[in-house]
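Take a look at the structure set out below.
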Amino acid sequence: MSQQGAALQSYNNELVKCINDLCGKRDELHKSILQEEEEKAKLQNDIRILTERLAKVNESLSKKMASRNEFDRTIAETEGAYMKILESSQTLLNVLKRESHSLREKSTAKSSGTAAS
């Protein structure tokens, strides 16, 4: 019976050792889980902050692009109007030259006609 008691005691000691080893491994795993949960929470907070920043940057970009498009439209309209002014100026200059030439010819013809009389 003492051999059975000794064997039982040996099994008991080994069982307690295995349970203690398992508890130690569980505690290590628990610490690792807590660290990763903390890292996860930090990353989620970083993602939230970055998402908010991204939304603000997108909004700012949208406004700036709309302003740039307005500038482009205004510049195009102004350049078009300026080209029309240049065309009108050229037309006016041509008309003025033609009329000036015509007036000079009439003036010269009258002078010649008066001198011939």
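We number each residue from 1, following the sequence as shown.
Sorted by first and then second residue, the salt bridge (charged side-chain N to carboxylate O under 4.0 Å, His left out) pairs with a member in residues 55-79 read E59-K63, E70-R73, R73-E77; sequence neighbours excluded. Applying the salt bridge (charged side-chain N to carboxylate O under 4.0 Å, His left out) definition to pairs two or more places apart or across chains, none involves residues 97-108. A salt bridge (charged side-chain N to carboxylate O under 4.0 Å, His left out) check over residues 23-38, counting only residues at least two apart or in different chains, returns nothing.
Checking side-chain atoms of T51 against main-chain N and O of I47 turns up a donor-acceptor pair under 3.5 Å. A donor-acceptor pair is defined here as one N or O able to donate and one able to accept, closer than 3.5 Å; no such pair exists between the side chain of S107 and the backbone of L103.
By the salt bridge (charged side-chain N to carboxylate O under 4.0 Å, His left out) test, E39 is found to be paired with no residue, residues two or more places apart in sequence or in another chain being considered. In this structure, K84 has no salt bridge (charged side-chain N to carboxylate O under 4.0 Å, His left out) partners at least two apart in sequence or on a different chain. Residues satisfying the side-chain contact (heavy atoms from CB on, under 4.5 Å) test with N12, not counting sequence neighbours, are Q9, V16.
Between atom CG of residue L22 and atom NZ of residue K17 there is a gap of 11.0 Å, rounded to the nearest 0.5 Å. In this structure, OG in S32 is found 10.5 Å from NE2 in H30, a value given to the nearest 0.5 Å. Here OG1 of T91 is found 12.5 Å from CG of L96. Values are rounded to the nearest 0.5 Å. With rounding to the nearest 0.5 angstrom, the CG atom of L15 is 9.5 Å from the CG atom of N20.
Environment of CD in E52: crowded, with over 12 heavy atoms of neighbouring residues, nucleotides or ligands closer than 6.0 Å.
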Exercise for review: Check the pair L93, S89 against side chain to side chain contact (heavy atoms under 4.5 Å, CB included), reporting the backbone distance first and the verdict last.
Suggested key: CA-CA 6 Å; L93 181 60; S89 295; over 6 Å; no
